[in-house]
Amino acid sequence: MITQSKIAELAGVSRSTVERVLNNRGDVNEETRKRILEIAQKHDYQPNRAGQTLVIRQKNITIGCIIIEADNPFYAELNKGIEEKAKEFQTYGIKVIVRKAPFAAEAQIKEIDYLLEQNINALVIQPIVNAPVTDKIKSLEEKGIPVVTMNTDIPDHDSQFCYVGNDFYLCGKTAANLMTLFTGGKCTIGIITGFADAKSHYDRIDGFKDYIKDYPDMKVIDVVENQDDDLESYHITKELIEKHPEIDAIFIVAGGVYGAGRAIKSFSNRHFKTISFDEMPETRKLVKDGTILATICQQPVRQGELAMSVLFDYFVDGKKPDDNRVYTDIQIKVAANIDQ
């Protein structure tokens, strides 16, 4: 009798994708769905849900998740993906504990220690770039606890189980490419980032800067940090523009888009070519009214789902991801498609 793992192998997809199709749960590409169902029918697949659930329940699996606590609705979307998977996992007796922590090393280490006390079997985390946090994560891996870094990563850490999220260096290059199109390759740029210690944020900046090296008339004049906070973003964006009257282009790297947009609109006598990230409700409004020309989206719900799915495949089938980098699609939204 064919198993779901064998169907996944024949279809060239993950075990969790097969499970979603066979149980009519979740969003799966129609072509992939058809291929899986054809393989299942051809090999007369018969589910053994009761036996499978019993085996997994006996493992007493607990997954701990630490997401960033900040004034950024993106993290709520990320958590939505995690929570949706957590509900599915209940069927198998897999427990999911979600904790929120400020983007600070001490807070993250404290939450990791708390989750270890709950006897977690795996960790999903948005890690800060900090030596004690990196050492803590490595210590978990040495104990055989798989760690999924989600949405942001740790530099030069090839031993990790896997990273799930965008290729943020490529995202930065994409933003720079858009900026060349909007400005004709001639502009003075102010960059507003979220956290200096978030690899996802500085990777975007590095990609952006590397791309414009071939454009001598494009110059980054300053980089400021808003802690993914809209109020802070408003003030530092206003100060940035006042300090540098030559700025005519703005790259908003992470959260705080609404606050930055308010500041930009307050300079009614000046015109800025602005690019941002994500598509939260307020960002969509700013794209529609032309304050932001384009925003690059990174599928936060999908990231949360994938981070959980790779662990499901590991604990159910003993299958690690084929690559330790699981990238989500880069999507570009402009006024014409911002509501799609």
Side-chain angles (χ1 to χ4, degrees), residues 67-84 100 102-103 126 150-152 165-166 168 171-172 174-175 178-179 182 189-196 198 200-201 204-205 208 223-242 247-304 328-340:
I67 63 173
I68 297 170
E69 184 177 46
D71 182 24
N72 185 348
F74 172 87
Y75 302 124
E77 293 293 294
L78 198 67
N79 189 40
K80 186 185 296 183
I82 292 171
E83 294 289 359
E84 286 178 0
K100 297 179 181 180
F103 202 61
Q126 292 177 274
M150 173 186 62
N151 182 246
T152 189
N166 272 169
F168 288 113
C171 285
T174 302
L178 288 170
M179 191 67 82
F182 293 145
I189 309 155
I191 295 181
I192 303 156
T193 191
F195 296 102
S200 56
H201 296 182
R204 293 171 188 169
I205 296 173
F208 188 95
V223 179
V224 294
E225 183 180 356
N226 66 14
Q227 301 290 312
D228 271 2
D229 181 271
D230 276 314
L231 184 59
E232 178 68 12
S233 191
Y234 171 78
H235 289 299
I236 66 164
T237 302
K238 204 162 184 288
E239 291 172 5
L240 175 70
I241 294 171
E242 290 172 345
I247 285 178
D248 56 4
I250 294 175
F251 177 32
I252 309 171
V253 173
V257 177
Y258 171 65
R262 281 182 55 222
I264 291 167
K265 292 170 80 169
S266 71
F267 293 88
S268 57
N269 61 329
R270 294 176 62 179
H271 300 284
F272 306 93
K273 306 294 186 183
T274 303
I275 295 171
S276 71
F277 269 84
D278 301 322
E279 53 173 328
M280 299 301 107
E282 294 299 336
T283 306
R284 286 195 286 270
K285 292 179 184 177
L286 292 168
V287 171
K288 287 179 179 179
D289 70 20
T291 304
I292 293 172
L293 297 181
T295 191
I296 299 172
C297 309
Q298 53 176 319
Q299 302 173 289
V301 175
R302 180 68 175 147
Q303 287 186 35
T328 51
D329 293 336
I330 299 172
Q331 300 177 328
I332 299 171
K333 296 289 186 77
V334 294
N337 70 339
I338 191 64
D339 286 328
Q340 302 303 311

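Keep in mind that the numbers below use all heavy atoms, side chains included, and drop hydrogens, waters and symmetry copies. Here the structure is a predicted model, which is why all the values come from computation and not from measurement.
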(Q) Let's go through D228 and H201 carefully: what are the C-alpha distance in whole Å and the side-chain angles of both, what is the deciding distance for side-chain contact (heavy atoms from CB on, under 4.5 Å) to 0.1 Å, and is it a yes or a no? (A) CA-CA 11 Å; D228 271 2; H201 296 182; 4.0 Å; yes

**Q.** Full working for side-chain contact (heavy atoms from CB on, under 4.5 Å) between I192 and S233
**A.** CA-CA 8 Å; I192 303 156; S233 191; 4.2 Å; yes

Q: Decide yes or no on side-chain contact (heavy atoms from CB on, under 4.5 Å) for F168 and N151, but give the supporting numbers first.
A: CA-CA 9 Å; F168 288 113; N151 182 246; 3.9 Å; yes

When rounded to the nearest 0.5 angstrom, what is the spacing between [atom1] in [X] and [atom2] in [Y]?
{"X": "M150", "Y": "I68", "atom1": "CE", "atom2": "CD1", "result": "8.5 Å"}
{"X": "F267", "Y": "E242", "atom1": "CZ", "atom2": "CD", "result": "4.5 Å"}
{"X": "K265", "Y": "I292", "atom1": "NZ", "atom2": "CD1", "result": "9.5 Å"}
{"X": "K333", "Y": "D278", "atom1": "NZ", "atom2": "CG", "result": "11.0 Å"}
{"X": "I189", "Y": "T274", "atom1": "CD1", "atom2": "OG1", "result": "11.0 Å"}
{"X": "I275", "Y": "M179", "atom1": "CD1", "atom2": "CE", "result": "4.0 Å"}

Test your reading of the model: is there a side-chain donor-acceptor pair from [X] to the backbone of [Y], 3.5 Å cut-off?
{"X": "E279", "Y": "C297", "value": "no"}
{"X": "R270", "Y": "I241", "value": "yes"}
{"X": "D229", "Y": "N226", "value": "no"}

Student check: side-chain heavy atoms of [X] and [Y] closer than 4.5 Å:
{"X": "C171", "Y": "Q298", "value": "no"}
{"X": "Q126", "Y": "L78", "value": "yes"}
{"X": "V253", "Y": "F208", "value": "no"}
{"X": "F195", "Y": "T152", "value": "no"}
{"X": "T295", "Y": "V257", "value": "no"}
{"X": "I252", "Y": "T237", "value": "no"}
{"X": "K285", "Y": "Y258", "value": "no"}

So that I can tick it off, tell me whether [Y] and [X] are bridged by a salt bridge, with the cut-off set at under 4.0 angstrom between side-chain N and carboxylate O.
{"X": "D339", "Y": "K288", "value": "yes"}
{"X": "D329", "Y": "R302", "value": "no"}
{"X": "K80", "Y": "E83", "value": "no"}

On a heavy-atom basis, which atom in [X] and which in [Y] lie closest, and how many Å separate them?
{"X": "A263", "Y": "K238", "value": "CB-N, 3.8 Å"}
{"X": "V334", "Y": "A294", "value": "CG1-CB, 3.9 Å"}
{"X": "R204", "Y": "A254", "value": "NH1-CA, 3.6 Å"}
{"X": "G255", "Y": "N72", "value": "CA-ND2, 3.4 Å"}

Q.
Assess the residue pair I296 and L178 against the criterion (side-chain contact (heavy atoms from CB on, under 4.5 Å)); give the C-alpha distance rounded to whole Å, side-chain angles, the decisive distance to 0.1 Å, and a yes or no.
A. CA-CA 10 Å; I296 299 172; L178 288 170; 4.3 Å; yes

(Q) K100: which residues meet the salt bridge (Lys or Arg N to Asp or Glu O under 4.0 Å) condition with it, sequence neighbours left out? (A) none

